[in-house]
Structure formats: C-alpha cells, structure tokens
Amino acid sequence: MELEVKLQAFEGPLDLLLHLIEKNKVDIYDIPIVEITEQYLDYVSKMPKDNLDLASEFLVMAATLIDIKSKMLLPKEIDENGEEIDPRAELVEKLIEYKMYKYAATELRDMQVYAGKSMYKEPTVPEEVRKYEQPVDLDNLLSDVDLTKLNEIFQMVLKRQVDKIDPVRSKFGKIEMEEVSLPDKITYVSTTIKKRKKCSFKQLLEEAKSKVEVIVSFLAVLELIKVGEIEVHQEKTFGDIYIDSIE
C-alpha cells in the first residue's frame, strides 16, 4: 500500500519561502540560502505537476535560489561605494514586500469577518418626531443686533471673500484654445493658390490671425509641396517666396 503525503498548499513561491523561513526561525535579512534552497527543492519535487502554470512559478523561483546559491560560493562583489553586494538582497526585498501585503490581506479579512457579525437596529423614531424642528425666535435672536453690528458682519464677510482671491492667479487672463484645423487650412491654401495662380508666401501668412494659424499655414504649405500640388521659388536671396499652383 502506497503512502500518500498531502502537502500544504501555498499561494506562490514567495509564500513557500516565507513559510520555510518562519519554520526554521531564521532572520529574513540573513537567509541561510543553502538550507532553504534544499528544503524548497524538496517541496517542489513532491508537488503535483497537473497545474503547469503554478508549477512553472515554483520552478522559476527554484532557479533563482540556485543562482543565488552559486553566487554565494563565489568571491564577494564590491559596488561603487566599496560595500559588498549581497546576492540575497533583491529576494529579501520581495519577501518583505510580500509579507507586508499578506499581513494587510489578513487584517482586511478579519475586519470583514468581524463586520459580518455586527448587528444594528433600524431607526424606529416616528416620522412626525423625526421631522420636528425647534422654532426659532427671531426677535430674541436679533435682540442685541443693530445696524452697526450688521455692517461689521457684512464687512467681515466681504474681507473673507477678498482673502480667498489669489493675488497672482487672479491677474491671469483667460486661456482659450484656438481651433485651427490643418486639413481645413490645406483646403484653404490650395483653393487660394489655384484662384490666384501665384501667391506670395508672406501675404499668405499675413492673413493669419494668430501665431497658431501662422504655424498651421506653414504646415499646410509644406504638405501641399509634398503631394505635388504647389511649388515655391525665390527670385533673390532674402526675397519674398512665391507659391505657384501646379496644374
């Protein structure tokens, strides 16, 4: 009769490593990598292989542990600050982060369980009592208020409104986005040049109403040159640029 060994289920390779560290009562910052690696590989060898995705995660961690183990046998590496590089440092950081999230998940689960056991009583106050509002005697409330006091309160409220205004940002103008469409500008430039046959580039840009429109007009001219609808030429150095329509 074969003896069946039921292994404890772990959520992942980090969960198994954390279990082995706690089981052996070792310092997480000074993991005995040789001992932990042997125990880890022993567990992985007994794992069921029906879930390949889960098994592959444990095998990747096993390869990482073997890699760390081999580096521990080599001479110590020194970083640029003259300190020894611990091959276990990255693994320790992941374990601490996993332990923190695992603890938080446990706390949230306990809170959910305790919340499910809480009982509360529905309100049974009569509707007329719930809607009752104590009457306010305006004469008594304003008995010691005169025009001077009202003016002081009014000035105080105005001052609070002024104090809320940012002295710097309040001077900023309103920024509005200019709607200048490149396809529309290409159509406009193409139509204009076809009507005039020959057009000054300077005159074309002077028709723009903003810097953005000047830039879009320039891009439109470049696009029309690219597709072969127009051609440009300059009669002299630093002279005006003329645009001709290509029939």
Side-chain angles (χ1 to χ4, degrees), residues 1-134 136 160 163-164 166 169:
M1 180 177 179
E2 296 183 358
L3 177 64
E4 294 184 1
V5 179
K6 186 176 181 180
L7 300 177
Q8 181 179 348
F10 295 96
E11 297 180 359
L14 289 177
D15 195 29
L16 173 57
L17 275 179
L18 197 60
H19 168 74
L20 294 176
I21 291 172
E22 293 175 351
K23 177 183 176 183
N24 291 274
K25 298 180 180 181
V26 297
D27 185 2
I28 195 172
Y29 292 98
D30 189 18
I31 302 174
I33 200 69
V34 176
E35 181 181 352
I36 295 297
T37 302
E38 290 177 357
Q39 295 180 17
Y40 183 90
L41 293 175
D42 181 60
Y43 176 86
V44 172
S45 64
K46 298 175 182 178
M47 283 181 56
K49 304 300 187 294
D50 52 345
N51 190 341
L52 295 179
D53 292 335
L54 183 61
S56 62
E57 295 180 5
F58 283 87
L59 291 175
V60 170
M61 180 58 70
T64 303
L65 289 172
I66 295 173
D67 180 61
I68 295 174
K69 180 180 176 181
S70 62
K71 290 181 179 179
M72 295 287 290
L73 301 175
L74 298 175
K76 299 290 185 181
E77 295 183 12
I78 307 299
D79 61 10
E80 55 185 9
N81 297 324
E83 298 180 357
E84 294 184 358
I85 299 176
D86 191 348
R88 304 168 296 179
E90 185 177 354
L91 178 62
V92 170
E93 183 179 350
K94 290 182 179 179
L95 282 170
I96 293 174
E97 184 179 5
Y98 175 78
K99 187 175 183 179
M100 179 182 66
Y101 283 114
K102 185 177 180 180
Y103 176 77
T106 303
E107 289 292 316
L108 291 174
R109 182 189 60 196
D110 293 341
M111 291 173 63
Q112 183 181 10
V113 172
Y114 295 147
K117 297 178 180 179
S118 301
M119 304 294 291
Y120 66 94
K121 176 179 175 294
E122 294 287 347
T124 56
V125 180
E127 188 70 16
E128 60 274 10
V129 176
R130 188 175 61 84
K131 292 184 177 181
Y132 174 77
E133 295 181 1
Q134 186 175 359
V136 179
R160 287 181 181 177
D163 292 340
K164 291 180 181 179
D166 192 322
R169 296 184 180 180

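Starting from 1, each residue takes its place in the sequence as its number. Just so it is clear, the values below take in all heavy atoms, side chains as well, and ignore hydrogens, waters and symmetry mates.
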Would you name the heavy atoms of [X] and [Y] that are closest together and state the gap between them?
X	Y	result
Phe58	Tyr40	O-OH, 2.8 Å
Leu41	Ala62	CD2-CB, 3.6 Å
Leu18	Leu95	N-CD2, 4.2 Å
Leu65	Leu91	CD2-CD2, 3.7 Å

Applying side-chain contact (heavy atoms from CB on, under 4.5 Å), name anything that partners [X], two or more places apart in sequence or on another chain.
X	value
Arg130	Val125, Glu127
Asp67	Ser70, Lys71
Pro126	Glu128, Val129

Side-chain donor-acceptor pairs of residues 103-114 under 3.5 Å, sequence neighbours excluded:
unit_1, atom_1, unit_2, atom_2, d
Tyr103, OH, Glu107, OE2, 3.4
Thr106, OG1, Lys102, O, 2.9

Pairwise distance [atom1]([X]) to [atom2]([Y]) - rounded to 0.5 angstrom:
X	Y	atom1	atom2	answer
Ile36	Ile31	CD1	CD1	7.0 Å
Thr64	Leu59	OG1	CG	10.5 Å
Leu16	Ile21	CG	CD1	10.0 Å

Item to check | Under the salt bridge (Lys or Arg N to Asp or Glu O under 4.0 Å) test, residues paired with Lys69 that sit two or more places apart | outcome: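 Once residues adjacent in sequence are excluded, Lys69 has no partner under the salt bridge (Lys or Arg N to Asp or Glu O under 4.0 Å) criterion.
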Next on the checklist: Can you confirm whether Gln39 sits close enough to Asn24 that some side-chain heavy atom of one is under 4.5 Å from a side-chain heavy atom of the other?
Outcome noted: yes
Next on the checklist: In the structure I gave you, are the side-chain heavy atoms of Leu14 and Met61 within less than 4.5 Å of one another anywhere?
Outcome noted: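 Of all side-chain heavy-atom pairs linking Met61 with Leu14, at least one is under 4.5 Å.
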Checklist entry - Among pairs that include at least one residue of residues 16-35, which meet salt bridge (Lys or Arg N to Asp or Glu O under 4.0 Å), considering only residues two or more places apart or in two chains? => result Asp30-Arg88
